[in-house]
Each structure stands twice: as C-alpha cells, then as structure tokens.
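Each chain gets a letter, A, B and so on, in the order its sequence line appears, and its residues count up from 1.
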4 protein chains.
Amino acid sequence: MVVRVAIIGASGYTGGELLRLLALHPYVEVTVATSREYVGKPIHIAHFNLRGYYRNLRFSKLDLDTIINSADVVFTSLPHGVSLQYVPKLLESGLRVVDLSADFRLKNPESYRIWYDFEHPYPDLLAKAVYGLPELHREELRGAMLIASPGCNATASILALAPLVKAGIIDTSRIVVDVKVGSSERGSNPTIGSHHPEREGAMRPYEADGHRHAAEVIQELSLLAGRIVNVSLVPHSVGSVRGVLASAHSWLLREVSDIDLFRVYSELYSKEPFIRIIRGVPPGYPDPKYVIGSNYADVGFALELRAGRVTGFAAIDNLVKGAAGQAIQAFNIAMNFEETLGLKLPPLKPA
Amino acid sequence: MVVRVAIIGASGYTGGELLRLLALHPYVEVTVATSREYVGKPIHIAHFNLRGYYRNLRFSKLDLDTIINSADVVFTSLPHGVSLQYVPKLLESGLRVVDLSADFRLKNPESYRIWYDFEHPYPDLLAKAVYGLPELHREELRGAMLIASPGCNATASILALAPLVKAGIIDTSRIVVDVKVGSSERGSNPTIGSHHPEREGAMRPYEADGHRHAAEVIQELSLLAGRIVNVSLVPHSVGSVRGVLASAHSWLLREVSDIDLFRVYSELYSKEPFIRIIRGVPPGYPDPKYVIGSNYADVGFALELRAGRVTGFAAIDNLVKGAAGQAIQAFNIAMNFEETLGLKLPPLKPA
Amino acid sequence: MVVRVAIIGASGYTGGELLRLLALHPYVEVTVATSREYVGKPIHIAHFNLRGYYRNLRFSKLDLDTIINSADVVFTSLPHGVSLQYVPKLLESGLRVVDLSADFRLKNPESYRIWYDFEHPYPDLLAKAVYGLPELHREELRGAMLIASPGCNATASILALAPLVKAGIIDTSRIVVDVKVGSSERGSNPTIGSHHPEREGAMRPYEADGHRHAAEVIQELSLLAGRIVNVSLVPHSVGSVRGVLASAHSWLLREVSDIDLFRVYSELYSKEPFIRIIRGVPPGYPDPKYVIGSNYADVGFALELRAGRVTGFAAIDNLVKGAAGQAIQAFNIAMNFEETLGLKLPPLKPA
Amino acid sequence: MVVRVAIIGASGYTGGELLRLLALHPYVEVTVATSREYVGKPIHIAHFNLRGYYRNLRFSKLDLDTIINSADVVFTSLPHGVSLQYVPKLLESGLRVVDLSADFRLKNPESYRIWYDFEHPYPDLLAKAVYGLPELHREELRGAMLIASPGCNATASILALAPLVKAGIIDTSRIVVDVKVGSSERGSNPTIGSHHPEREGAMRPYEADGHRHAAEVIQELSLLAGRIVNVSLVPHSVGSVRGVLASAHSWLLREVSDIDLFRVYSELYSKEPFIRIIRGVPPGYPDPKYVIGSNYADVGFALELRAGRVTGFAAIDNLVKGAAGQAIQAFNIAMNFEETLGLKLPPLKPA
C-alpha cells in the first residue's frame with residue numbers, strides 16, 4: 001500500500017524537510033514536488049543533502065490538475081495567503097490536504113482580520129480544518145481531510161503551557177512567552193537579518209509588539225481553559241540554525257510544589273510518543289540542541305515560589321516538530337497509520 | 001599624573017578585559033596583576049590578545065603588602081566569598097577598591113543569608129560600599145573608596161527596567177526578566193556546559209528557579225520605586241561568546257503610548273554617556289551584537305497594548321558594561337576623571 | 001535474526017553515535033554499553049538525545065566475561081593504547097571486534113614506534129586486522145573478525161586522494177592535506193581548547209608539525225600506488241561542531257582536464273553507496289555541512305592548470321563516516337548484511 | 001593639524017571599519033562619507049555600532065567636486081573596476097588616494113587581462129601606485145599619493161610566505177596557500193552563500209581553481225625572490241564572522257631547524273609594529289580569533305622534516321589588517337604620521 005504524496009512549495013526548508021523525512025516513510029511515494037525556481041531540475045539541486053535520494057523525481061511547476069491526477073495527499077508549504085488559493089480545489093477533488101501555512105489555523109474568521117489583516121474567503125473551511133497538534137487534537141485528526149499544521153513558535157508555546165492552563169494553576173490573564181529561534185525559521189531566502197555576519201551570535205527581539213502566532217496560542221489555550229487566555233509572544237533571533245525554545249512565564253494562582261507540576265505535565269504528556277519531560281536529569285531543562293533532526297518536543301518547567309512564578313519550557317526543532325515532522329505525524333493519524341512512521345530517527349548529539 | 005592600579009585575579013576573562021581597557025587609559029599604570037596559575041609568566045601567556053602590551057608586567061601571586069606598597073587602587077576580580085577576605089585590609093591601608101564580586105553589592109546583610117547562604121562578616125562595609133552603576137549612583141560614586149561593581153545579568157536587567165519602575169507605570173509585583181547570555185559569562189574555566197560541542201547553538205535555561213543576581217535587581221529597583229519590587233530572573237545560555245540581552249517583561253498599570261515610553265526612557269538616559277536608546281532605527285531592538293567590545297548599553301522597549309504588556313530591553317557586552325568597563329567607568333567617577341576615559345572605543349560591527 | 005552487540009566505551013561521542021545509528025539497525029540488539037563514569041545509569045543520562053531509546057539498557061562497567069557471554073560483536077571505542085588490552089581476549093573467545101582506536105590500523109609494527117611511540121605487542125593481530133575503509137577493502141572485510149576502523153582525518157584524506165594516486169597523475173612525493181575539523185572530533189571531555197569562548201570562530205592549526213593520522217594515509221595510499229607516498233596532514237580546528245574537510249593539495253605529473261579528473265574519481269567511486277561526487281552542482285565543492293548526520297562522503301576536486309595543481313576534497317561527518325557510521329558499514333559487510341543497513345538516513349539541511 | 005578625509009563607499013563593512021578606526025585617530029576629520037543606498041541618512045543607520053559617533057556627518061552621494069573641495073585624502077572602498085573611474089581625477093586635483101579595490105595593485109597591465117579580464121586604461125597609474133603593505137613597501141609609502149591597499153587573502157598569504165621566500169629556503173615553484181575566511185569577507189550584501197543557515201558551520205572551498213588574489217601574491221613574492229614564484233591560493237569559507245588564516249604549504253630546498261625558521265621570520269618582522277611571531281607560546285599557532293578588532297598579523301610556522309614540508313601561517317582580521325586598518329597604517333606612513341596612530345586598540349579575547 002502506497003500513498004502518493006504531492007508537495008507544493010518543495011524547494012524551501014520545510015519542503016526539503018518533508019522530503020528528508022518522507023524518504024524514510026514506508027508507505028509514501030512522493031510523486032510531485034513543485035517549485036517556481038527549480039522547474040525541471042533534480043531535487044538535489046535545491047537540497048544538496050538529498051543527492052542520492054529521489055533519483056526519479058524533478059521539481060515541476062504548480063499545476064493543480066497534475067497534482068489531482070497523481071497524488072492522494074498534498075502537503076502545501078506556501079506563504080500565508082497563498083495556500084487558500086489552492087486548497088479548496090484540492091479538497092473538492094477528494095485529496096487530503098496538510099497545509100503548513102497559517103491559512104486554516106484559526107477557527108474564527110474575525111481573527112484573520114485582526115492578526116493577518118485580510119478577510120478570510122472560506123469560513124466554512126476554517127470550521128472543517130483540524131488544528132494539527134496531535135497532543136491536543138488526536139481524535140479529530142483521524143480521517144481529517146484538511147489539517148492546518150501549527151506554526152513552530154505556536155507549537156512550542158502551546159506545549160509549554162498546555163499542562164499549566166489545563167490544570168488551572170496559573171493566572172491566565174498574564175502570560176508571556178519569551179521565544180528563542182534559530183535562523184532557519186525565516187526560510188531559505190537571504191535577507192539582511194539572516195546575513196551570516198549580522199546573524200551569527202545575535203540575540204535580537206523581533207515583532208516584540210505582537211507576534212501573529214499568538215493568535216493560535218490564544219485559540220488553543222482558551223479552548224483548554226474554557227475561557228479567554230491572554231498570551232503574548234516575544235520572539236528573539238539567536239545564532240543557532242535550528243531550534244525553538246519557548247520560555248512561558250506565568251504566575252501561580254496558588255502554591256504548588258515541584259512534584260505537583262511534574263504530575264500536571266505527566267498527566268497530559270506521559271503517553272505522548274514525541275514528548276519527553278525533562279526533570280532532574282541533564283541538561284536540566286529542555287534545550288532544542290538535543291532534539292535537532294527529530295520530531296521530539298522536550299518540555300519542562302521551573303518554579304520560583306518566592307516570586308510566585310512558574311515557567312513552562314518547550315524545545316523543538318522548528319523544521320521537524322515545528323513544521324514537517326508534525327505535519328507527517330498528523331498525516332499518519334489522519335491516514336490511520338502508526339503515528340511514528342517515518343519519524344523514529346533519534347536527534348543528533350552533539351548537533 | 002598616574003594612578004597605580006593592581007588587579008587581583010588578573011588571568012580570567014574579567015581580568016583580561018580590565019587589562020585590555022586599561023592599556024588605553026591615559027592616567028593608569030597597572031603595577032600588579034595577580035594570578036595563582038600564571039605566577040611569573042608574562043601577561044600574554046594567559047591573554048594571547050595582549051601580546052605587545054604590558055611588556056614589563058608579569059603575573060605575581062597575591063600578596064597584600066606588595067599591593068599596598070605599589071598600588072593606589074585595586075580591582076578585585078575574585079569568586080564570590082573570596083573578595084571579602086582581602087578587601088577590608090586594602091581599605092584600611094587607604095587603597096581604593098573596585099570589587100567585581102558580589103561580596104559588597106547587597107546593602108542588607110540578611111540578603112546574603114537568603115541568596116548566598118552565608119553570614120556576611122562586614123555589615124559596616126556593606127553600608128559603606130557604593131553599588132557601582134553610574135546611571136543610578138553617580139553622585140555617591142564620586143570619591144567612593146569601596147565600589148561594588150554590579151553583576152552582568154543585574155546590570156542589563158536594571159537598565160531595562162529602571163525607567164519603567166521609576167515612572168510608576170508597571171505592576172511591580174510581577175516582573176520577569178528573561179536573560180540570554182553568551183558563553184564568556186561563566187568565565188575561563190572549561191566545564192561540560194561550556195564544552196564547544198555542547199554549547200554551540202544551545203538555548204538552555206539555567207538557575208531558572210531563582211538566579212542570585214535577582215537580589216541586586218530587587219534592591220536597586222525597590223530603591224527607585226520606594227517599595228519592594230518583585231523580580232524574577234530566568235537566564236538562558238545561548239551560543240554567542242559575548243553579550244547579555246535582558247528582556248524584562250511586565251504589565252502596565254495604565255494605558256500608555258509608545259511615545260510615552262520613549263519619554264520615560266529618555267528622561268532617565270538621554271544624558272548618559274554609555275546608554276543608547278534604540279527606537280525606530282535598525283536593528284529595531286537592542287542586540288548585544290552591536291555593543292561588542294564597548295561599554296555601551298543599548299536599551300529599548302516593546303509595547304503590546306492588546307495584552308497590556310511592556311517589555312524593556314537592555315543589551316550589553318557582559319565583559320565590558322557587564323564587568324570591566326563598568327568598573328572602570330565607576331573608577332573614573334570616583335577619581336574625578338572624565339567618566340569616559342579609556343572607554344571610548346566603538347563596538348565592532350560585524351562582531 | 002539478531003546480532004548481540006556490545007559497545008565498550010559507550011558514553012563518549014563515538015559511543016553515542018554508535019547507539020544512535022544502531023537504534024535503527026534491524027538486526028542489531030545492543031546488550032552491553034560500558035562506561036567508567038556512568039555505571040548503572042540509563043543511556044540518556046550521557047546521551048540526552050537518546051531519551052526514549054534503549055529503555056532496558058544501562059551503562060555497566062567493563063567486564064570481559066560479561067561481554068563474552070552476552071555479545072556476538074564488540075565495538076571498542078577506547079583511547080589509543082587501551083583497546084589492545086581487551087581485543088585479543090575478545091577475539092580468542094570468538095567474538096568479532098570492530099575497533100575504533102588506532103591500535104590495529106597500521107600493518108607495520110615499526111610504524112607504531114615511529115608515530116605512536118610504543119612497541120606494539122601483537123604484530124600477528126596487525127597482520128590479521130582489516131583496515132575498515134570499505135571503498136578500498138570491501139572484499140577483505142567480508143567475514144573479517146578484526147576490523148580496524150579508520151581515523152576521521154585519515155578517512156577524509158584517503159578518500160580525497162585515492163583516485164588521484166591510483167590514476168598515477170600526481171607527484172606522490174609532495175602531497176599536503178590541509179584538514180579542517182569540528183570540535184566534536186576531540187571527544188566529549190572539556191579542555192581549554194574546546195572551551196566555547198576559545199573555540200567558537202577559531203581557525204587554529206594543531207599538530208601542524210606532524211599528525212599521526214598521516215601514518216594511515218601513507219600506508220593506504222602507498223598500497224594503492226605501489227610505492228611510498230609522501231603525505232603530510234595539517235589539521236585545523238574551526239568553529240563547527242561536526243565535520244571534517246580534507247583539502248588534499250598535490251601537483252600534476254602531466255596535463256589533465258577537468259573531465260579526465262571526473263573520470264578518475266568516477267572510476268573508483270561511481271558504485272559506492274556512500275560516496276557522492278560533487279562537480280558542477282551547488283554548493284560547488286564538498287562541504288561537510290551537507291553530510292551532517294549521515295554516512296556520506298562528498299568528494300570533489302579543483303584543477304588549476306596554470307599552477308600545475310590539483311586539489312582533491314572530501315567532506316564527512318567525523319562521527320559518522322569518520323567513526324561510528326563507517327564502523328557499522330564495515331560491520332555490515334563483515335556480517336554479510338546489506339552494506340547500508342541502519343545507515344540510510346539522509347543528512348540534515350540546513351544543519 | 002587635521003587631515004580632512006573622504007570615504008567613497010562608506011556604508012559597506014570596509015567603510016564602516018574605516019569609520020570605526022578613524023573615530024579614534026587624533027589628526028583625522030571625516031568630512032564626506034558616500035553611499036548610494038543611504039544618501040542623507042545618519043551614519044548609524046548603516047553602522048549601528050557607531051551610534052554616538054559622527055553626530056554631524058551624514059551619508060552623501062558620490063560627487064567628485066564636493067570631495068575635491070572638502071577633503072585632503074580619499075579612501076575608496078568600491079568594487080573592482082569602479083575605483084578607476086574616480087581615482088585619476090582625484091589625483092589630478094591633488095588629493096591623496098588610498099584605494100581599497102584591486103584596481104591599482106598589479107604593476108603589470110597584462111596581469112589585469114589575465115586575472116581580471118579587462119584592459120587597464122591607466123598603465124601610468126599602475127606604475128605610480130604603491131602596494132600598501134608596509135612590511136614590504138614602507139619606504140615607498142612615505143609621501144605616496146596613490147596607495148593600492150592589498151586584498152585580505154593576499155595580505156595573509158604574503159605575510160606568511162615572505163620570510164621563507166626571502167631566505168631562499170623553499171621551492172618557489174610549488175607553493176599552495178590554503179586560506180580560511182570568515183563571512184564578513186564577502187561584504188554586507190546578503191547572498192545564498194552568506195545566508196546564516198547555509199554558512200554557519202560551513203567548511204566550503206570556493207574559487208579553488210584559481211583565486212584572483214594570487215596575482216598580488218605572485219607579484220610581491222616574485223619581487224622578493226628575484227624570480228617568478230608559483231603560488232596557488234585555495235580559499236575556504238568557514239563559519240567565523242571575521243578572520244583570515246593563511247596556511248602556506250611549501251617544500252624545503254634544504255634541511256633547516258625550527259630555530260633557523262624563527263630567525264628567518266624574526267629578521268623580517270621583529271621591528272614591525274603590527275606583526276607578532278607566535279612560537280612556543282599558547283595558542284601554539286596563529287589564530288585570527290586572537291587578533292579580532294585589531295591591526296595585528298600573527299605569524300608562525302610549522303616544520304615537518306620527515307616530509308620536507310614547511311608551512312607558514314598568518315592570521316589577520318580581514319576588515320582591519322586585511323582592509324581598513326592596513327589602509328590607515330599606509331596612510332599614516334604616507335602622511336609622515338606615527339605609523340600606529342588610531343590603530344593601538346588591542347584585539348578582543350574572547351572574541
């Protein structure tokens with residue numbers, strides 16, 4: 001049994017990571033990989049690492065009819081606002097879609113007006129889409145035809161906070177997530193901010209007056225809490241290539257112990273195949289360095305009772321659990337495959 | 001006119017940085033540089049960069065009598081708890097002391113019990129010591145005989161928050177400073193955490209359940225506020241070599257505008273020789289990358305009204321404004337020198 | 001069918017990499033992992049990345065009897081001079097040994113006196129050992145009981161030069177290999193040279209007056225050439241974590257074209273499962289960055305006819321093709337397994 | 001006494017570095033700084049590090065008449081082939097020119113045809129220009145009106161080899177310089193090769209089949225040797241931001257000792273204000289890491305008698321001794337200033 005997969009937007013970092021991981025998936029054949037820049041060229045011209053893989057595949061231009069004829073499932077890795085031009089027709093033609101843009105992540109059309117500054121043309125699809133975070137939506141994902149794969153900063157932020165919010169032990173009116181991200185998060189196009197001499201060794205806040213991924217985090221945590229949760233995201237560029245660390249700072253509603261917190265995290269995550277709780281073992285707290293290349297999210301927490309503060313941490317590889325890996329995990333669930341297929345690679349250490 | 005300076009603990013990174021900067025100070029001659037490891041060896045054996053400087057100086061072992069005879073001012077760069085074994089005698093002998101450890105930073109002896117777990121033997125010296133942050137204590141520093149030079153994380157945290165606290169516009173019961181630090185902060189001794197394969201590309205929280213530098217921050221901000229300010233510090237190791245970025249997250253007591261905040265920062269800092277307010281110019285927010293090698297602190301802020309959050313930022317070179325440079329700035333003030341002597345070097349870019 | 005594998009010296013970087021790769025090997029069960037430092041502790045205490053793998057395995061102290069009873073094959077990852085204390089007994093007991101030290105790499109006992117400064121006690125085993133570079137010794141490796149796995153600098157140097165030497169087109173009396181290596185090459189123990197502030201951004205020659213791995217390179221290339229080949233290795237530490245690039249500079253005996261050189265490389269390598277020739281495609285020349293995490297060696301060359309110079313390049317991940325991966329490749333051949341088992345993971349990009 | 005200086009092409013990295021260093025020069029006032037991109041904007045908009053310096057200077061567009069009226073000396077930091085459009089008129093108008101491009105470095109017009117593929121229009125100026133390497137051309141630089149400042153790779157290569165070539169102890173028909181360079185060498189414009197995710201951790205050869213800077217190296221060393229010296233340059237991009245290390249590999253004509261070599265280097269360099277010979281002291285060999293921010297060139301050598309090989313090393317900061325600093329050093333000599341004016345800053349450590 002083989003599922004035919006098309007990747008729209010296959011020459012960027014997320015596209016490359018889908019290709020890297022799907023190369024090891026026993027039930028997937030990638031039949032289409034679109035790219036505007038590399039039409040007709042072998043995969044390894046964009047993804048040097050993949051020389052030796054996908055010998056029979058070349059980049060093609062985006063043509064929906066071709067895709068509809070040659071694929072069962074489509075992963076769309078396109079800029080925000082572009083995905084929604086293609087997704088409806090793919091769905092109508094009976095294809096399953098895993099969309100890695102933000103175009104179908106928010107349930108409330110109004111949120112698109114607020115955070116993305118446009119009128120969403122398909123409110124019905126927003127209702128139908130499943131937010132592709134298996135840890136919170138596994139059941140809805142089974143058989144889902146439209147999966148909205150979460151943003152990387154949002155994934156780390158939600159995973160760091162979900163147990164605290166669900167347990168009702170923090171003040172949900174004041175949460176700030178200080179996010180640190182590697183340079184691959186901004187994609188494969190060079191900019192002055194990503195120019196090596198300017199980026200290496202940086203510690204630089206960006207979009208610190210309001211980051212769009214907060215919309216997803218607020219939506220998901222509010223669902224968990226049963227009321228509006230006020231979350232700010234403050235992202236920072238650091239000199240790593242891969243990785244997101246979310247340090248989610250919050251204030252306790254009541255005194256808790258370290259063991260209480262461990263229980264709270266364990267309840268939600270102990271059966272999760274890709275969550276590892278870091279407590280009392282080296283390196284002390286989650287560090288994305290130790291999940292690089294893998295679909296793991298390492299989570300943990302720190303309690304400072306004197307100050308009434310608890311910080312939840314989550315560390316992911318932005319291109320794997322923060323993008324391609326999580327999309328494949330959701331795809332596996334939707335297809336009724338074993339959830340970890342193609343995702344069993346251990347992280348690198350040292351990375 | 002020449003001031004004879006001794007450096008106790010001169011072979012570590014802070015000692016090296018004192019030597020680098022004092023080499024350019026027109027009124028200073030370094031007459032003693034102590035080191036346990038390098039006794040009798042030329043300076044450049046420890047500080048390769050300084051080959052060609054200090055040709056007539058060699059490391060010597062710590063001998064208080066020698067120092068008293070050959071120096072007017074002593075910079076002590078020793079581990080916490082060690083400085084206080086030497087400082088009293090140096091003061092008694094009439095020498096001026098700039099201490100870079102934590103031993104004289106806290107006014108309240110009780111704080112040493114809480115944060116450093118020992119009984120401070122010289123409460124009288126605590127009363128006499130001046131906290132060496134020129135931006136808050138310039139007048140007290142003039143003529144001061146004992147200067148307690150601030151910690152690097154504390155310096156960045158205080159500079160980021162002081163304007164907000166002074167203006168009374170944030171809730172002082174809930175402030176969390178998310179600090180990012182380069183690897184040189186932990187000094188020149190190799191450890192597993194500083195081993196290059198483990199540190200490069202890291203984003204790793206440490207002492208996240210309570211960092212000692214918070215004691216200084218609380219002390220200084222409480223003085224400014226006129227009441228106890230509750231601050232948590234959550235430091236993170238990142239892959240840079242130099243630099244501290246403090247992202248100080250707080251909540252507004254009342255609605256303010258971006259211009260209001262700019263005024264608040266300008267009021268406190270516009271005449272400061274080493275503070276630069278970053279607002280509306282590239283790179284957008286303070287980044288330690290653009291102060292490397294210099295005594296500058298770049299400060300800025302971000303306002304997210306929707307969430308009621310304001311974040312103050314401060315970026316410093318941990319070894320300069322966070323250690324040696326700030327100590328020399330305070331020394332200049334104490335000596336009635338021009339405050340910027342020896343500290344006029346622009347930062348490197350790219351660094 | 002399962003092969004029981006013991007790893008002696010399992011807590012270092014090479015040990016960790018063996019564990020990472022063997023976790024994906026369909027026919028291997030790791031039954032013993034020795035470590036002096038971590039006796040009794042779970043694998044993930046040393047190898048944080050492997051949390052979730054090897055749940056039933058703990059580090060044990062080195063005990064040959066235990067190993068003999070519970071393993072069929074032993075990978076020894078020990079310092080030079082230590083392996084040879086254990087290997088003979090393991091062989092006598094009928095176990096197959098893949099030794100990752102230098103102890104059995106050189107055929108001529110005299111070479112140990114010259115390069116390693118000791119009298120080798122087992123000249124018979126030197127005769128019996130197979131140098132574990134599949135590209136040159138595949139046939140001898142089939143069924144081999146003692147495999148001497150090559151050094152990482154040697155692997156890159158030999159792979160860069162073998163086609164040129166075999167084709168007889170370069171002057172074999174004057175070859176210099178300028179090697180660049182990442183920080184993981186020196187292992188997991190912190191030293192001043194590996195201290196992050198000192199290593200990050202470094203470009204630092206070491207052992208530039210004679211590097212021991214040259215002995216292996218000379219041995220292997222002389223075999224190929226049928227006469228003594230004079231090779232110098234000049235290694236340089238750079239700021240990467242993983243990776244070795246060998247730039248092997250040599251002089252032409254006769255004029256050749258770029259196409260001639262491509263043929264020379266293709267003849268030797270076109271059927272190799274882990275060699276990729278980089279010519280006329282991005283990124284232009286081999287760069288270890290694009291083999292990270294994988295067993296690939298990317299090779300290439302550059303011709304400057306004006307100067308009569310040809311440079312062969314080879315890029316590997318020092319911990320994979322330079323250590324653990326190559327050892328497993330040789331093990332697969334020795335066991336008559338498919339050569340690529342457990343080694344099919346594509347490299348990361350970006351890494 | 002103040003010299004009025006104009007900088008043409010002041011918004012790039014070399015322009016920024018000229019501004020950083022000239023800010024500390026006691027006899028220089030920068031009156032013009034041209035830039036196409038930043039016309040009318042303050043200096044710190046391009047050079048964030050320089051906020052607080054040059055408060056009265058703004059970028060202007062390139063206008064020769066303005067420059068002629070307001071400057072005595074011009075530093076031109078322009079792409080190759082562009083400088084020569086402006087330099088002749090500036091010289092005619094009596095201004096002194098320090099040109100940082102390659103346009104006037106080669107004496108033989110024919111060399112421009114070979115290496116730069118154009119017909120040089122001003123052979124007379126080539127004859128008049130002085131190659132601005134003080135270590136070899138100090139006397140000619142005094143009073144020089146046109147200084148051709150050397151390339152960074154060429155500077156390091158020449159400094160590494162000059163003593164060996166001058167002493168006549170190496171075979172000058174076969175020399176290969178393996179050069180490692182940081183990312184700032186390619187300037188401030190982002191490209192895919194300088195994109196942080198692709199550049200960080202790289203070890204990547206470029207222009208390995210013939211690098212143009214070889215022309216300068218051959219010219220200068222041939223002058224020293226009194227006959228044609230055959231040198232190849234093979235540059236490699238590594239993950240540092242600043243720094244060039246030249247490892248110049250050559251073969252001995254006769255047996256020499258380590259002390260002989262030390263004498264050879266000392267004879268040429270012992271009185272040089274910016275050359276430091278590294279021998280028998282940490283870090284063992286030159287490493288650009290320990291000259292960062294300064295005008296020093298650290299040089300050294302390694303001898304492998306067994307192989308008949310000697311390698312000369314030189315480590316510089318590509319933007320200082322490899323560009324702006326060296327240009328100022330030559331300017332100081334031309335002006336009869338003390339040679340080290342504005343260049344006394346020690347390197348950073350750690351950098």
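Interface summary for chain B: among D/Val281, D/Val291, D/Asp287, the most heavy-atom pairs under 4.5 angstrom belong to D/Val281. Looking only at heavy-atom pairs under 4.5 Å with chain B, the residue among D/Pro283, D/Gly16, D/Gly293, D/Gly52 that has the most is D/Pro283.
If you measure heavy-atom distances from D/Ile277 to chain B, the contacts under 4.5 Å come from the backbone alone. Residue contact with chain B, scored on non-hydrogen atoms closer than 4.5 Å, involves the side chain of D/Val241 exclusively. Only the side chain of B/Tyr13 comes within less than 4.5 Å of a heavy atom in chain D; its backbone stays farther off. For chain B, the nearby parts of D/Leu345 are the backbone and the side chain; heavy atoms of each come within less than 4.5 Å. In this structure, the portion of B/Leu319 lying under 4.5 Å from any heavy atom of chain D is its side chain and not its backbone. There is no contact between D/Leu19 and chain B, counting heavy-atom distances below 4.5 Å. Of the two parts of D/Arg20, the backbone and the side chain both hold a non-hydrogen atom closer than 4.5 Å to a non-hydrogen atom of chain B.
Annotation: B/Tyr54, atom OH; neighbour count of heavy atoms from other residues, nucleotides and ligands within 6.0 Å is above 12. Applying the 6.0 Å contact sphere to OH of D/Tyr269 captures more than 12 heavy atoms from other residues, nucleotides or ligands.
Of the possible donor and acceptor atoms, none in the side chain of B/Arg51 sits under 3.5 Å from a partner among the backbone N and O of D/Ile278. Proximity of a side-chain donor or acceptor of D/Arg242 to a complementary backbone N or O of B/Pro350 within less than 3.5 Å is detected. Under a 3.5 Å cut-off, the side chain of D/Asn49 and the backbone N or O of B/Pro347 do form a donor-acceptor pair.
Separating the OH atom in B/Tyr290 from the NE2 atom in D/His44 is a distance of 14.5 Å, to the nearest 0.5 Å. Here the OG atom belonging to B/Ser188 is positioned 7.0 Å from the NZ atom belonging to D/Lys349, to the nearest 0.5 angstrom.
Within the 4.5 Å cutoff, side-chain heavy atoms of B/Pro346 are placed close to those of D/Leu24.
Looking at every heavy atom in both residues, B/Lys344 comes nearest to D/Tyr53 through O-OH, 2.7 Å.
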